[in-house]
Amino acid sequence: MRMLSVLAKGVEVLRTPGALRALLTWPKFSLASFNIVRRLQQAGVAPMTVIDVGANVGQFSVAASKLFAGARLFPIEPDPRVAVKLRGNLDAAAAGNLLVTAVGDRCGEATFNVNRDSQVSSLLPLGKDRVASFPGSTVLETITVPLATLDSLFSSRSLEEPVLLKIDVQGFEDRVIAGAQQLLQRVEWVLMEVAFSSLYDGERDFESINALMQSANFHFVRPMNIHISPTTGEIIEMDVLFRRGGSHDVA
């Protein structure tokens, strides 16, 4: 089954314009992130600053740095060991902007659940649907990490606009937004992972996240990517684009 999955991804890479070259030349390649950034471009997203909250080892950060020409990148990753790998995948400018911290609605410290799959490590406990769909996603240990708000991290930083804020924090998205009320006034687009099932205890679903973004003067534009449960075939997560302002026009 795993071999079939690898072959399918290989075929998709070959069929996606530009993906094979990226796979062979980029320090870190993710087909999903490659496609997301291409779709963002098709939607008219052209940032001069990209803030990547939950950067992991650089899947999105690398794609953004390669495809958004001239954009300044701020990667943020809470796990210090993952951050070492992330730094190695970044160019010198982005590595210099790397922030090793969790992000939420307060400043201080937090308990971080380190997962066997680092992409699903989280501040929240695993939910029943995550365990059912991905039984290999088990927590190996908990560590204490610094916790900051986006407002505290960027209040004194000069950011060239327009700004794209990407948030992928495994169910903690609403807390990140709560701690970014000042920063959001400088943000044009928000790319966020949202859930349609119980992947983390305490995670808010798409409807409540959409309402939260509307209250912050952002409207839903369109999906950028979907995540399907390998056990049920249902859509369990989606990467979605929000844009500042009241218009629902899309590019």
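In what follows, every heavy atom counts, from backbone to side chain, and hydrogens, waters and symmetry copies are set aside. Starting from 1, each residue takes its place in the sequence as its number.
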Q. Atom CG in L191, atom CZ in R243: separation rounded to 0.5 Å?
A. 14.0 Å
Q) If two hydrophobic side chains count as joined below 4.5 Å and joins carry through other members, does I209 share a cluster with I235? A) yes
Q. What distance do R175 atom CZ and L147 atom CG have between them, rounded to the nearest 0.5 Å?
A. 11.0 Å
Q. Given the rule that I, L, V, M, F, W and Y join up when any side-chain heavy atoms are under 4.5 Å apart, are F196 and I226 in one cluster?
A. yes
**Q.** S122 and N115: side chain donor to acceptor below 3.5 Å
**A.** no
(Q) Under a plain distance cut-off of 3.5 Å, with no hydrogens placed, do R38 and Q41 share a side-chain donor-acceptor pair? (A) yes
Q) Partners of Q185 by side-chain hydrogen bond (donor to acceptor under 3.5 Å, both in side chains), sequence neighbours excluded? A) none
Q) Is it true that a side-chain atom of D174 and a backbone atom of I177 form a donor plus acceptor pair closer than 3.5 Å? A) no
Q | Any side-chain heavy-atom pair of I143 and P80 under 4.5 Å | A | yes
Q) Distance from Q59 atom CD to D52 atom CG, nearest 0.5 Å? A) 9.0 Å
Q: Might you point out which heavy atoms bring Y200 and G171 nearest each other, and give the distance in Å?
A: CD1-N, 4.2 Å
(Q) Please find the pair of heavy atoms, one from R186 and one from R244, that lie closest to each other, and give the distance. (A) N-NH1, 3.8 Å
Q: Using a 4.5 Å cut-off on heavy atoms from C-beta on, say whether the side chain of V103 contacts that of V169.
A: no
Q) Passes side chain to side chain contact (heavy atoms under 4.5 Å, CB included), V37 versus F60? Steps please. A) CA-CA 8 Å; V37 174; F60 182 82; 3.7 Å; yes
**Q.** Heavy-atom side-chain proximity of L24 to F29 below 4.5 angstrom
**A.** no
(Q) Distance check, rounded to the nearest 0.5 Å: L212 atom CG versus M192 atom CE? (A) 7.0 Å
Q: Kindly indicate, with the supporting measurements, whether the criterion side chain to side chain contact (heavy atoms under 4.5 Å, CB included) is fulfilled by V131 and S137.
A: CA-CA 7 Å; V131 174; S137 298; over 6 Å; no
Q) Any link between L123 and I76 through a network of hydrophobic side chains (Ile, Leu, Val, Met, Phe, Trp, Tyr) touching at under 4.5 Å? A) yes
Q | Sequence neighbours excluded, every pair satisfying salt bridge (Lys or Arg N to Asp or Glu O under 4.0 Å) that has a member inside residues 87-115 | A | none
Q. Which heavy-atom pair separates M224 from I36 by the least distance, and what is that distance?
A. O-CG1, 3.9 Å
Q: Evaluate side chain to side chain contact (heavy atoms under 4.5 Å, CB included) for V221 paired with H219, printing each intermediate quantity in order.
A: CA-CA 6 Å; V221 178; H219 68 269; 3.8 Å; yes
(Q) Using every non-hydrogen atom in the two residues, find where E203 and S197 come nearest and quote the distance to one decimal. (A) OE1-O, 4.2 Å
Q) Do P75 and L90 come close enough that some side-chain heavy atom pair is under 4.5 Å? A) yes
Q: Would you check if the side chain of K166 reaches a backbone N or O of G54 as a donor-acceptor pair within less than 3.5 Å?
A: yes
Q: Following the transitive rule for hydrophobic clusters with a side-chain heavy-atom cut-off under 4.5 Å over Ile, Leu, Val, Met, Phe, Trp and Tyr, establish whether F34 and V57 coincide in one cluster.
A: no
Q | Considering all heavy atoms, the nearest V187-V163 contact | A | CG1-O, 3.6 Å
Q) Closest approach of L98 and A83, non-hydrogen atoms and distance? A) CD2-O, 3.9 Å
Q. If you round to the nearest 0.5 Å, how far is CG of L40 from OG of S33?
A. 10.0 Å
(Q) Quick check: do R72 and M48 have side-chain heavy atoms less than 4.5 Å from each other? (A) no
Q: Would you mind reporting whether N225 and N35 have side-chain heavy atoms less than 4.5 Å apart?
A: no
(Q) Using modelled atom types and a 3.5 Å cut-off, is there a donor and acceptor pairing between side-chain atoms of N113 and backbone atoms of V139? (A) no
(Q) Go through it in stages, so that I can follow the logic: the residues are M213 and E173, the test is side chain to side chain contact (heavy atoms under 4.5 Å, CB included), and I'd like the CA-CA distance, side-chain angles, deciding distance and then a yes or no. (A) CA-CA 11 Å; M213 293 303 293; E173 288 78 11; over 6 Å; no
Q | Point-to-point distance, once rounded to the nearest 0.5 Å, from CD of E12 to CG of L31 | A | 4.5 Å
Q: Using the rule that two of Ile, Leu, Val, Met, Phe, Trp, Tyr join whenever any of their side-chain heavy atoms come within less than 4.5 Å, decide whether F218 and M238 are in one cluster.
A: yes
Q) Are any side-chain N or O atoms of N56 and backbone N or O atoms of S118, one a donor and one an acceptor, separated by less than 3.5 Å? A) yes
Q. Taking F68 as the fixed residue, which of T49, L73, V50 is the one that meets the side chain to side chain contact (heavy atoms under 4.5 Å, CB included) rule?
A. V50
Q: Indicate yes or no: at least one non-hydrogen side-chain atom of L124 is less than 4.5 angstrom from one of Q170.
A: no
Q | Under 3.5 Å: donor-acceptor pair, side chain of D151, backbone of L183 | A | yes
**Q.** Plane angle bin for F206 and F220 - parallel if under 30°, tilted between 30 and 60°, otherwise perpendicular
**A.** perpendicular
(Q) With a sphere of 6.0 Å drawn around CD of E207, does it hold more than 12 non-hydrogen atoms of other residues, nucleotides or ligands? (A) no
Q | V240 and N210, any side-chain heavy atoms less than 4.5 Å apart | A | no
